[in-house]
Undergrad: 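Below you will find the structure I want to go over with you.
Quick note on labels: first sequence line is chain A, next is B, and so on, each numbered from 1.
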Protein chains: 2
Amino acid sequence: MENLADKKKAILESTLELIKENGFHGTPMSLVAKQAGVAAGTIYHYFDSKDTLICQLFQYLRNQLLAVVRNSDVPGKPYQERFYDLWKSLCSFYTGNPNVLVFFEQFINSPYNKKRLEAGPDPFHQLIFSFLEEGVESGYLRPVNPEILGVLLHGSIVSTAKTYKFGNVQLGEADLEQIRQILWDGMAAKKNC
Amino acid sequence: MENLADKKKAILESTLELIKENGFHGTPMSLVAKQAGVAAGTIYHYFDSKDTLICQLFQYLRNQLLAVVRNSDVPGKPYQERFYDLWKSLCSFYTGNPNVLVFFEQFINSPYNKKRLEAGPDPFHQLIFSFLEEGVESGYLRPVNPEILGVLLHGSIVSTAKTYKFGNVQLGEADLEQIRQILWDGMAAKKNC
DNA sequence: GCAAACCGAATGAATATTCAATTAACAAAC
DNA sequence: GTTTGTTAATTGAATATTCATTCGGTTTGC
């Protein structure tokens, strides 16, 4: 899965790049071909249609995201640190790959996503969910539906990454730390209040 | 600004509807015309091009959002209640108008948004910012850059609204209450911890 | 009567997709 | 080591479709 054929990978990366630049529409196959350094016909050797190209691009990037999350988790550490690590690694993945974030947002709010939702929960979602569930059961997090905690966690990361890259305001490391802290303080079980 | 010509309004609303259904692309002018009950040429009487139609639709909806926020704020109330009201009104606007949420997300992550960002901060953003600034200065909220608080506030609302409508999980009123509570607990100044 | 609103078929440019032909990859046979 | 055969990869011009936009003419409001 990692060492995709060079051409196929080039096509996927070019599509990502162009969608960031020109938007979801306004990215003709001819441009994808040119940017990837292949002929138009070659794309159709690897992908049935533009639609499947876009859907497979989503899968491809989603797997990268999953790998990032998996690698960031060190089971031995205390829960709060693992929480911080998770937040940080996700956030830095998005800020380091802003075109991925843009593509995700476009994809998820497009009709393409309908089919995906009908296909059931994806591994990324499940991973986050079970991590939060563990936190609740161990008493580190408030006794709240982990789905809700996931909403807050993910929302804060996406929002932060967007502001970081696109906003007029520049957020520094200290700011990111604060956001993480505020989120934790809200979600953590209150011991002495 | 409120009583737009009937036809113009119909065109805007149809565009919104179709973009939710068929996505940003895949929404031809011919369909917009049919759905709005006008001729294709009529659209060009009101809008220079498809691009300006989409940009004006964004402005149109952004003004509605602004009005919702303005109406929800009752200056006499205690700050925490105003905070809750703001959160609730924004969230229910999005859950009640899911196509607006989808459109916003599409628009903001598209190249159209570049021009908008270059045009400076918009009134909606400013309103939220000053509300949070007031909270910080009055000592109700943590002494943190209001921009950061805004990120968290907006992220939690968007994420919640998306889950509410599109997620596999159904969130009830009690769940929304909890999310609001968690957010407040994170953002509020710590009095006794 | 006049100006603005409106119509919708016609136009022309853009573009997703196809396909017949060419080239590379590579293994088996000699 | 060369030939040969076979399959997969690649090309890019041609096709058919789609779609934004135009414009000459018609209707409506005043």
Side-chain angles (χ1 to χ4, degrees), chain A residues 1-60 103 106-107 110-116, chain B residues 1-60 103 106-107 110-116:
Chain A
M1 182 170 298
E2 224 15 89
N3 52 352
L4 289 167
D6 280 354
K7 293 274 166 74
K8 189 171 181 182
K9 196 171 172 183
I11 293 167
L12 287 170
E13 306 278 3
S14 302
T15 307
L16 176 62
E17 183 78 19
L18 286 167
I19 283 178
K20 182 198 80 180
E21 210 68 48
N22 309 330
F24 212 44
H25 57 306
T27 302
M29 296 296 255
S30 53
L31 251 189
V32 173
K34 192 199 276 185
Q35 175 117 350
V38 303
T42 304
I43 299 178
Y44 290 86
H45 181 74
Y46 293 104
F47 306 95
D48 283 347
S49 65
K50 190 177 183 180
D51 279 6
T52 59
L53 166 58
I54 288 171
C55 289
Q56 286 201 38
L57 176 56
F58 182 80
Q59 294 296 343
Y60 173 72
F103 175 74
Q106 297 244 19
F107 186 91
S110 79
Y112 290 122
N113 202 34
K114 261 190 184 167
K115 296 172 210 154
R116 197 181 66 89
Chain B
M1 183 172 299
E2 224 15 89
N3 52 351
L4 290 167
D6 279 354
K7 293 274 166 75
K8 189 172 181 181
K9 197 171 172 182
I11 292 167
L12 287 169
E13 305 279 2
S14 302
T15 306
L16 175 62
E17 183 77 19
L18 286 167
I19 283 178
K20 181 199 79 180
E21 210 68 46
N22 308 330
F24 212 43
H25 57 308
T27 302
M29 296 296 258
S30 53
L31 252 188
V32 173
K34 192 199 277 185
Q35 175 118 351
V38 303
T42 304
I43 299 178
Y44 290 86
H45 181 73
Y46 292 104
F47 306 95
D48 282 347
S49 67
K50 190 178 181 179
D51 280 6
T52 59
L53 166 59
I54 289 171
C55 288
Q56 285 200 39
L57 175 57
F58 182 80
Q59 293 296 345
Y60 172 72
F103 175 74
Q106 296 244 19
F107 185 91
S110 80
Y112 290 122
N113 201 34
K114 261 191 183 166
K115 296 173 209 153
R116 197 181 66 87

Undergrad: Apply side chain to side chain contact (heavy atoms under 4.5 Å, CB included) to B:Thr52 and list each qualifying residue two or more places apart in sequence or on a separate chain.
TA: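 Per chain and number, B:Thr52 pairs via side chain to side chain contact (heavy atoms under 4.5 Å, CB included) with B:Phe47, B:Asp48, B:Ser49.
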Undergrad: Taking only residues two or more places apart in sequence or in another chain, which ones pass side chain to side chain contact (heavy atoms under 4.5 Å, CB included) with A:Glu17?
TA: A:Lys20, A:Glu21, A:Gln35, A:Asn99
Undergrad: Considering residues at least two apart in sequence or located in another chain, which fulfil the side chain to side chain contact (heavy atoms under 4.5 Å, CB included) criterion with B:Pro111?
TA: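 Partners of B:Pro111 under the side chain to side chain contact (heavy atoms under 4.5 Å, CB included) test: none.
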Undergrad: Report, as a single string ordered 5' to 3', how protein heavy atoms within less than 4.0 Å touch nucleotides 20-30 of chain D: B base, S sugar-phosphate only, - not at all.
TA: SBB--------
Undergrad: Hey, where on DNA chain C does chain A first and last touch, going 5' to 3'? Cut-off is any atom under 4.0 Å from a heavy atom.
TA: C:dT15 to C:dT18
Undergrad: By side chain to side chain donor-acceptor pair (under 3.5 Å), which residues pair with A:Glu13, not counting sequence neighbours?
TA: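 Applying side chain to side chain donor-acceptor pair (under 3.5 Å) to A:Glu13 gives A:Tyr60.
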Undergrad: So, for A:Ala36 and A:Ala10, which heavy atoms are closest and what is the spacing to 0.1 Å?
TA: CB-O, 3.8 Å
Undergrad: How would you list all residue pairs meeting salt bridge (Lys or Arg N to Asp or Glu O under 4.0 Å) that involve residues 27-44 of chain B, not counting sequence neighbours?
TA: none
Undergrad: Could I get the full list of side chain to side chain contact (heavy atoms under 4.5 Å, CB included) partners for A:Ser110, not counting sequence neighbours?
TA: A:Phe24, A:Tyr112, B:Gln106
Undergrad: Base, sugar-phosphate alone, or nothing: which one does A:Tyr46 contact when heavy atoms must sit under 4.0 Å apart?
TA: sugar-phosphate
Undergrad: What residues, two or more places apart in sequence or in another chain, satisfy ring-ring contact (aromatic ring centres under 6.0 Å, His included) together with A:Phe58?
TA: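 Applying ring-ring contact (aromatic ring centres under 6.0 Å, His included) to A:Phe58 gives A:Phe104, A:Phe107.
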